[in-house]
Number of protein chains: 2
Amino acid sequence: MSRVRVLLADDEHLIRGALAALLGLEDDLEVVAEAASGPEALAMARAHRPDVAVLDLEMPGADGVTVATKLRAELPSCRTMIVTSHGRPGHLKRALSAGVRGFVPKTVSAQRLAEIIRSVHAGNRYVDPELAADAISAGDSPLTVREAEVLGFAADGAPVAEIAERAALSQGTVRNYLSSAAAKLGAENRHTAVRLARERGWV
Amino acid sequence: MSRVRVLLADDEHLIRGALAALLGLEDDLEVVAEAASGPEALAMARAHRPDVAVLDLEMPGADGVTVATKLRAELPSCRTMIVTSHGRPGHLKRALSAGVRGFVPKTVSAQRLAEIIRSVHAGNRYVDPELAADAISAGDSPLTVREAEVLGFAADGAPVAEIAERAALSQGTVRNYLSSAAAKLGAENRHTAVRLARERGWV
DNA sequence: CACCGGCCATGACAAATGTCAGGAGAGGAC
DNA sequence: GTCCTCTCCTGACATTTGTCATGGCCGGTG
């Protein structure tokens with residue numbers, strides 16, 4: 001029986017290395033490649049064609065979901081899964097619609113992760129129950145595409161003029177969008193709106 | 001020769017477990033206790049009296065620096081070190097003044113971490129060069145105590161009225177403090193000021 | 001003591017932001 | 001075709017901020 005070929009992508013060397021060592025102990029798993037950034041993960045995947053790609057959500061260059069999306073197009077045979085410390089509901093949704101088949105927080109044990117990798121490789125899907133519950137209770141984003149976009153530009157505290165420029169919209173329009181977005185989120189100003197949207201993973 | 005007794009505290013089971021396994025392979029190190037939260041780390045330290053405590057910076061209950069401070073008082077023989085993913089300059093400063101003897105990002109390898117643990121146990125201090133450079137170039141916080149406090153209350157996007165209430169100050173005073181803080185940080189409004197102060201670990 | 005800096009406040013003005021009403025075009029649903 | 005929603009805009013208004021000048025009260029330094 002051939003072993004499951006795994007790609008490991010995480011910018012924290014400590015975790016990646018440790019994980020590689022632990023997963024390597026399982027005799028049906030084999031870590032064939034490691035990467036510390038999004039682009040590197042893609043390159044490694046192309047070179048080594050793993051069966052399962054275990055991707056960290058927050059990485060320099062490109063986040064896990066972006067990598068997963070590209071992998072799905074380039075290497076359809078490769079199953080992808082996301083591992084993350086901060087499980088925002090929106091991220092989970094985004095990940096699932098990108099074709100990700102596993103979504104786990106870093107609070108699970110290596111043993112458990114190994115099991116999940118096997119399960120994903122077998123064609124199953126796995127989502128951490130806790131995160132799933134959060135996602136369901138948080139519901140869908142009530143924001144329209146533009147509202148979310150404008151809110152994203154407002155995320156770093158930029159003034160309206162700058163947001164308008166970046167979004168190529170008039171200042172009035174920007175203010176209207178921000179206002180309606182804040183209203184939908186129950187926030188009293190755009191800054192708390194940004195915070196709320198962030199927490200739910202809607203930006 | 002007796003082995004170095006290590007306490008490992010990190011809320012991410014994946015990392016903690018993997019790390020425990022890897023460090024356990026070194027024949028002069030021995031992981032005698034693990035914890036997933038600040039309070040638990042303290043309890044474990046009291047029970048097992050480790051030589052070195054390796055603490056994650058962001059943990060539920062109490063952060064790594066807080067735990068280190070308490071450990072220093074309760075268990076002076078125990079050296080403490082901090083491991084973190086986000087190395088904000090301010091955190092480093094806070095950690096050092098709490099008596100922490102090692103400060104490393106999670107991007108180092110387990111091998112390297114083992115060496116550093118040994119070095120710290122031997123009485124040396126170790127700070128990641130990259131983080132040290134950041135801390136030096138970032139310099140000290142230019143903010144006065146009140147400015148930092150008010151900026152902290154402003155962190156979640158609350159309006160001035162609310163900040164004033166929480167800080168028990170007049171609205172005018174709050175605006176003055178926010179204004180001067182933003183000026184010192186080179187920000188054009190308090191929200192970007194909050195972001196900058198956060199990045200530098202000054203809030 | 002005189003001086004300076006941090007702390008707290010007031011008042012007033014300018015600028016940024018939030019809110020509302022209203023309208024036009026584009027596209028999907030029925 | 002009609003209805004609806006999203007998109008984008010304008011203009012006007014109220015409110016919230018940011019900024020500045022000014023002053024009083026401390027505590028420490030020279």
request  = Under 3.5 Å for both distances, Watson-Crick or G-U wobble, that's the pair rule; now give the dot-bracket for DNA chain D, with | marking pairs to another strand and [ ] for crossing ones.
outcome  = ||||||||||||||||||||||||||||||
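- Across C:dC8, C:dC7, D:dT7, the shortest atom-to-atom separation from the side chain of B:Val145 is found for C:dC7.
- Using a cut-off of 4.0 Å between Lys/Arg side-chain N and Asp/Glu carboxylate O, B:Glu115 and B:Arg118 are scored as not salt-bridged.
- In this view, A:Arg16 and A:Glu34 satisfy the side chain to side chain donor-acceptor pair (under 3.5 Å) rule, not counting sequence neighbours.
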Polar pairs (N or O, both sides) under 3.5 Å between protein and nucleotides 22-29 of chain D?
none

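- An OP1 or OP2 oxygen of D:dC9 is reached within less than 4.0 angstrom by a side-chain nitrogen or oxygen of A:Thr173.
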Any N/O pairs under 3.5 Å between the protein and nucleotides 15-18 of chain C? List them or say none.
{"from": "C:dT17", "atom 1": "OP1", "to": "A:Arg190", "atom 2": "NH2", "distance (Å)": "2.7"}
{"from": "C:dT17", "atom 1": "OP2", "to": "A:Val160", "atom 2": "N", "distance (Å)": "3.0"}
{"from": "C:dT17", "atom 1": "O4", "to": "A:Arg175", "atom 2": "NH1", "distance (Å)": "3.4"}
{"from": "C:dG18", "atom 1": "OP1", "to": "A:Arg190", "atom 2": "N", "distance (Å)": "3.4"}
{"from": "C:dG18", "atom 1": "OP2", "to": "A:Arg190", "atom 2": "NE", "distance (Å)": "3.1"}
{"from": "C:dG18", "atom 1": "N7", "to": "A:Arg175", "atom 2": "NH1", "distance (Å)": "3.1"}
{"from": "C:dG18", "atom 1": "O6", "to": "A:Arg175", "atom 2": "NH1", "distance (Å)": "2.7"}

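- Salt bridge present: A:Arg166 and A:Asp156 bring a charged side-chain N and a carboxylate O closer than 4.0 Å.
- Taking all atoms of both residues into account, the shortest heavy-atom contact from B:Val32 to B:Pro50 is CG2-CB, 4.2 Å.
- Between the C1' atom of D:dT17 and the OH atom of B:Tyr177 lies a distance of 18 Å, rounded to the nearest Å.
- The number of heavy atoms from other shown groups lying within 6.0 Å of CD (B:Glu130) does not exceed 12.
- Distance CD1 (A:Ile163) to C1' (D:dC8): 16 Å, rounded to an integer number of Å.
- We find that CD of B:Glu149 is positioned 13 Å from C1' of C:dC8, with the value rounded to whole Å.
- Rounding to the nearest 0.5 Å gives a distance of 10.0 Å between CG of A:Leu113 and CD of A:Gln111.
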Atom pairs and distances, side-chain donor-acceptor, residues 72-83 of chain B, under 3.5 Å, sequence neighbours left out:
{"from": "B:Glu74", "atom 1": "OE1", "to": "B:Arg46", "atom 2": "NE", "distance (Å)": "2.7"}
{"from": "B:Glu74", "atom 1": "OE2", "to": "B:Arg46", "atom 2": "NH2", "distance (Å)": "3.1"}

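- Note on B:Lys106 versus B:Asp10: salt bridge recorded, some NZ/NE/NH1/NH2 to OD/OE distance being below 4.0 Å.
- Between B:Arg146 and C:dC8 there is a side-chain polar atom (N or O) within less than 4.0 angstrom of OP1 or OP2.
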query = After noting the C-alpha distance and the side-chain angles of B:Ile117 and B:Val6, does the key distance pass the side chain to side chain contact (heavy atoms under 4.5 Å, CB included) rule?
reply = CA-CA 9 Å; B:Ile117 291 177; B:Val6 176; 4.1 Å; yes
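- Counting only heavy atoms from C-beta on, A:Thr144 has its side chain closest to D:dT7 among C:dC7, C:dT10, D:dT7.
- Residues A:Tyr177 and A:Leu169 form a side-chain contact, since some pair of their non-hydrogen atoms from C-beta on lies under 4.5 Å apart.
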Identify each donor-acceptor pair in which a side-chain atom of residues 52-67 of chain A lies under 3.5 Å from a protein atom, sequence neighbours left out, and give them as a table.
{"from": "A:Glu58", "atom 1": "OE2", "to": "A:Thr84", "atom 2": "OG1", "distance (Å)": "3.3"}
{"from": "A:Glu58", "atom 1": "OE2", "to": "A:Ser85", "atom 2": "OG", "distance (Å)": "3.4"}
{"from": "A:Asp63", "atom 1": "OD1", "to": "A:Val65", "atom 2": "N", "distance (Å)": "3.3"}
{"from": "A:Asp63", "atom 1": "OD1", "to": "A:Thr66", "atom 2": "N", "distance (Å)": "2.9"}
{"from": "A:Asp63", "atom 1": "OD1", "to": "A:Thr66", "atom 2": "OG1", "distance (Å)": "2.6"}
{"from": "A:Asp63", "atom 1": "OD2", "to": "A:Arg94", "atom 2": "NH2", "distance (Å)": "3.1"}

